Amino acid sequence: MGAASVSDLISRYGGNLPRYTSYPTAASFTEAVGSQQVAGWLKALPENEPVSLYFHVPFCDELCRFCGCNTSVMRHEDGRLAYGDLLREEMRRIVALVGEQRTVRHVQFGGGTPTTLPPHSLRQIMRSIRTFFQVDPQAELAMELDPRHVPQDYPALLGDLGFTRISLGVQDLEPRVQEACGRHQSFEQTQASIQAARDAGVSGVNIDLIYGLPYQTVESVGATALKIASLRPDRLAVFGYAHVPWKQKRQRLIPEASLPKSEERLAQRAEIDRVLQAQGYRPIGLDHYALPEDGLAQSAQAGTLHRNFQGYTTDPCPVLLGMGASAISMLPAGFTQNITSVAAYARAMAENSDSLPVARGVAFTEDDKLRGAIIERIMCDMAVDLAVVGQGGDFSEELAQLHPLEQDGLVKIDGQKISITAFGRPFVRHVAAVFDTRRRALQQQAQGAGQGATPQFSAAL
Ligand SMILES: C[S@@+](CC[C@H](N)C(=O)[O-])C[C@H]1O[C@@H](n2cnc3c(N)ncnc32)[C@H](O)[C@@H]1O
Ligand code: SF4
C-alpha cells in the first residue's frame, strides 16, 4: 500500500463516477436510437440465442426519501392491472420480432416494488412467458420485494409460480436513520418476509444494505450488518448512498448536514465489509457479498461473473429483454431504454399497436464492445489481463493513467495484467473509468455547461 492518507485519497479520487453496470453507461444513451432501429436489432438476433427477461414495475406502496429509483404510488388496483396488461403486450410485440420458443435463462421482476402487481396479473405474465418461451428448468426467477408490504398470499404465489429468489430492501435498522429516510422497517418484518418465502420454497435471498445514509455511524452500520447476517441471506448488496437531489427531488427532504462525509462513508463501508467477512461472506465485485456455496461466489471464483443493469449476476446470457416503463434492454447491437414516465409509456403503447415504447439507446461501436469487455472484467474480477481481453489493442495510455493509482496502493500492474488490491476495492470504478473514453466527452460537455462534476453520476466514494 502507498503512503497516501485517507484524506489524500479522498481529495484525489472524489468527484462523480458511473457504477458501470454497463458500458457505454446510460449517460451515453440518446434519442438517436428509436423504436424502428431497436425492432431491427431484435429481428437480427441469432436464431438460437437464449434470452433473459426483465420486467420493471415502477410502483411502490410508499416512497422512501433516499430512493433514487423512478417510482410512484399507484393506489388504484385498476391502474396496476392495466400496467400488467401493458407488460404482456410489450412482451408480445418483442416476441413477434425475436420469434417464439427461445430459451429463457433468467427472469427478474424489479422496480419499484413488483409485488404491487396484483396476483392475477403476475399469474398472467408468467403464463405468457411460459407460452412464448422455453423457460430453462435451471432458470432463476427472481423478484424484488419490500418487507414492509408483502401482500399476504404473495410468498405462496411466488413458490407456486416457480420463483427461486427474492431480493429485499433493508438499508439500515437504526430507528434514527429510518426516521430520516422515511422508511420504518423492523428487523422482525424482514425476518418474517424471508421465512414466508423460504416456507413457500423460494430459497434464494438477497438483501440490500446502504451506507452513507443520514445519521449512520460506523457502529450503527456494523450493528445492522451483524443482525442481518444472522438471517443468513445467501447474497447481500451493500450500496453507497447516492445523493442526487438534482435528479431525484424527494432526496431534498434529507438534510445534507446529516450525511456522512467521504471519510466516514469509507469507514462505514470498511466496517460492513469486516462484519460480513467475519460472518462467512465473500466480497464480490464492487459492492456484493455471498456465502461461499452460493452461485454468485462460485462464479466470482471461477471468473465467470457478469454485470448488467441489475448488478452482479451469474447469468451469462448476452441478451436481456427489458419490459415496462424505463426498462433497459441489452442486445448484441446496443442498449435501449423505454420511455420513463408510466403515462407516456402507456400512451406510446396505445398509439401504435406494433411499435416498441423506446425512448433512447446507444448503438455499440467496436471500441465500445472492447472497452465494455475490459470494464466488465475489472468490475467483476477486480483484475483484467489486457493480453487476454484487449484484442491486441494499444492501452499504453491507460496503463500510464493507472500509474498514480499504483503509487497509491490501489492497483498492481504486471505487464498487461492489472489487479486491484484489497485496499483498492472501493476504488474499482476509478480503474474502470480509465478505460471509459466516452466519459471524457461527457466531462467536457459538463465543464462547458459550467458544471463541476459530471451530473449524471453519483459520488465516487
Ligand atoms: C427496487 S429497491 C428494492 C426493493 C423494494 N422496493 C424495497 O425497497 O425493499 C432497490 C434498491 O436500490 C437501493 N437504492 C435505492 N436508492 C438508492 C440510493 N439513492 N443510493 C443507493 N442505493 C439505493 C436500495 O438498497 C433499494 O433496496
Ligand atoms: S427503496 Fe424500494 S420501496 Fe422505497 S421508494 Fe425505492 S423502490 Fe420504493
Side-chain angles (χ1 to χ4, degrees), residues 16-19 21 54-75 80 108-117 142-151 154 158 165-173 177-178 180-187 189-194 197 205-214 216 221 224-225 228 233 235-254 256 259-260 265 268-269 272 286-289 309-312 324-328 342 429 456-461:
N16 292 7
L17 278 182
R19 296 185 62 245
T21 50
Y54 174 72
F55 295 88
H56 190 74
V57 183
F59 308 129
C60 292
D61 298 276
E62 58 183 309
L63 300 182
C64 314
R65 278 177 212 151
F66 66 84
C67 184
C69 309
N70 181 32
T71 55
S72 62
V73 176
M74 171 74 81
R75 297 243 176 262
R80 288 180 273 124
Q108 163 111 11
F109 286 78
T113 305
T115 57
T116 51
L117 277 179
M143 180 168 286
E144 291 176 353
L145 49 90
D146 174 352
R148 300 167 302 163
H149 297 281
V150 183
Y154 237 87
L158 294 180
R165 177 168 294 281
I166 53 164
S167 182
L168 312 166
V170 170
Q171 333 306 353
D172 191 282
L173 294 173
V177 177
Q178 294 195 352
C181 292
R183 181 178 176 120
H184 298 99
Q185 177 177 333
S186 68
F187 174 74
Q189 279 174 316
T190 304
Q191 189 175 34
S193 310
I194 294 175
V205 176
N206 286 41
I207 289 189
D208 297 340
L209 300 179
I210 305 186
Y211 63 87
L213 286 172
Q216 277 181 321
V221 297
T224 291
I228 289 303
R235 298 178 189 173
L236 291 116
V238 180
F239 300 121
Y241 170 50
H243 190 60
V244 286
W246 58 90
K247 268 204 306 203
Q248 182 56 288
K249 288 206 176 87
R250 69 180 80 136
Q251 292 184 346
R252 293 181 192 162
L253 295 168
I254 294 186
E256 306 241 336
L259 293 175
R265 281 170 64 101
Q268 292 175 5
R269 183 191 154 108
I272 298 175
L286 169 69
D287 50 15
H288 277 52
Y289 291 83
F309 296 101
Q310 276 84 60
Y312 288 104
S326 81
I328 299 180
V342 174
R429 295 189 292 164
Q456 294 94 332
F457 307 130
S458 57
L461 292 174

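No experiment lies behind these values; they were computed from the predicted model shown. Every number for a ligand or one of its atoms is a count from 1 in the order of the listing.
- The closest approach between Leu145 and ligand 1 falls below 4.0 Å for a heavy atom of the residue.
- Taking all heavy atoms of Cys67, Ala242, Ser167 into account, the minimum distance to atom 20 (N) of ligand 1 is reached by Ala242.
- Across Cys60 and Gly112, no two heavy atoms sit closer than the pair SG-CA, 3.6 Å.
- Every atom of ligand 2 with a heavy atom of Arg148 under 4.0 Å away is listed here by number and element: 3 (S).
- Ligand 1 lies out of reach of His243, whose nearest heavy atom is not under 4.0 Å from it.
- Proximity of Val73 to Arg75: side-chain heavy atoms (C-beta onward) are separated by under 4.5 Å at one or more points.
- Of the N and O atoms on the side chains of Arg250 and Thr71, at least one donor lies less than 3.5 Å from an acceptor on the other residue.
- Inspection of the Gln216 and Asp172 side chains reveals an N or O donor paired with an N or O acceptor under 3.5 Å.
- At least one N, O or S atom of Cys60 sits under 2.8 Å from atom 8 (Fe) of ligand 2.
- When hydrogens are left out, the protein atom nearest atom 25 (O) of ligand 1 is Gln171 OE1, 2.7 Å; that is the closest non-hydrogen contact.
- The shortest N or O to N or O distance between Tyr241 and ligand 1 is not below 3.5 Å.
- Atom 21 (C) of ligand 1 has Gly240 O, 3.5 Å as its closest protein atom, hydrogens excluded (heavy atom only).
- Looking at Ile166, Ile210, Asp146, it is Ile210 that brings a heavy atom closest to atom 14 (N) of ligand 1.
- A parallel orientation is assigned to the rings of Phe109 and Phe55, their planes being inclined by less than 30° (bins at 30° and 60°).
- Judged by the shortest distance from any of its heavy atoms, Cys60 lies outside the 4.0 Å radius around the atoms of ligand 1.
- Taking each heavy atom of Leu213 and Leu259 in turn, the nearest pair found is C-CD2, 4.2 Å.
- Between Gly169 and ligand 2 there is no heavy-atom distance shorter than 4.0 Å.
- Checking side-chain atoms of Arg265 against main-chain N and O of Tyr241 turns up a donor-acceptor pair under 3.5 Å.
- Contact between Gly212 and ligand 1 is absent, with no heavy atom of the residue lying under 4.0 Å from the ligand.
- Taking the charged nitrogens against the carboxylate oxygens, Asp146 and Arg183 do have a contact shorter than 4.0 Å, which makes a salt bridge.
- Remark: ligand 1 and Gly111 share no N or O pair separated by less than 3.5 Å (distance only, no angle test).
- The nearest heavy-atom contact from the protein to atom 8 (O) of ligand 1 is Arg183 NH1, 2.7 Å.
- The protein non-hydrogen atom at the shortest distance from atom 16 (N) of ligand 1 is Gly68 N, 3.0 Å.
- Near Thr113, meaning under 4.0 Å from any of its heavy atoms, are these atoms of ligand 1: 5 (C), 6 (N).
- Summary of contacts: the protein heavy atom closest to atom 6 (Fe) of ligand 2 is Cys67 SG, 2.3 Å.
- When every heavy atom of Gly111 is checked against every heavy atom of Cys69, the shortest pair comes out as O-SG, 4.1 Å.
- Here CG of Leu253 is found 12.0 Å from SG of Cys64. Values are rounded to the nearest 0.5 Å.
- Judged purely by atom type and a 3.5 angstrom limit, Arg65 has no side-chain atom pairing as donor or acceptor with the backbone of Ile254.
- Atom numbering of ligand 2 starts at 1 in the shown order; those under 4.0 Å from a heavy atom of Arg183 are 1 (S), 2 (Fe), 3 (S), 4 (Fe).
- In this structure, Glu144 falls outside the shell of residues with a heavy atom less than 4.0 angstrom from ligand 2.
- Judged by distance alone, the side chains of Thr113 and Glu144 never bring a donor and an acceptor atom under 3.5 Å apart.
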Output, in order, the C-alpha distance, side-chain angles, deciding distance and verdict of salt bridge (charged side-chain N to carboxylate O under 4.0 Å, His left out) for Arg269 and Asp287.
-> CA-CA 9 Å; Arg269 183 191 154 108; Asp287 50 15; over 6 Å; no

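- Residue Gln248 places every heavy atom at 4.0 Å or more from ligand 1.
- Looking at atom 10 (C) of ligand 1, its nearest protein heavy atom turns out to be Asp208 OD2, 4.1 Å.
- When heavy-atom distances to ligand 2 are checked against a 4.0 Å cut-off, Thr113 comes that close only through its side chain, counted from C-beta outward.
- Against a heavy-atom cut-off of under 4.0 Å, Asp146 is close to the following atoms of ligand 2: 3 (S).
- Looking at ligand 1, you won't find any N or O of Glu144 less than 3.5 Å from one of its N or O atoms.
- Within the structure, the closest approach of His149 to ligand 2 does not fall below 4.0 Å when heavy atoms are considered.
- Gln248 and His243 share no donor-acceptor pair across their side chains, judged by distance under 3.5 Å alone.
- Taking a cut-off of under 4.0 Å to the non-hydrogen atoms of Gln251, the atoms of ligand 1 that pass are 19 (N).
- A heavy-atom distance below 4.5 Å is not found between the side chains of Leu145 and Pro114.
- Of all protein heavy atoms, the one closest to atom 13 (C) of ligand 1 is Phe239 CD1, 3.9 Å.
- Each of the atoms 7 (S) of ligand 2 lies under 4.0 Å from some heavy atom of Gly112.
- When all heavy atoms of Ala197 and Ile166 are compared, the closest pair comes out as CB-CD1, 3.5 Å.
- Distances below 4.0 Å separate heavy atoms of Cys64 from the following atoms of ligand 2: 1 (S), 3 (S), 4 (Fe), 5 (S).
- The two residues Arg429 and Leu17 have their closest heavy-atom pair at NH1-O, 3.2 Å.
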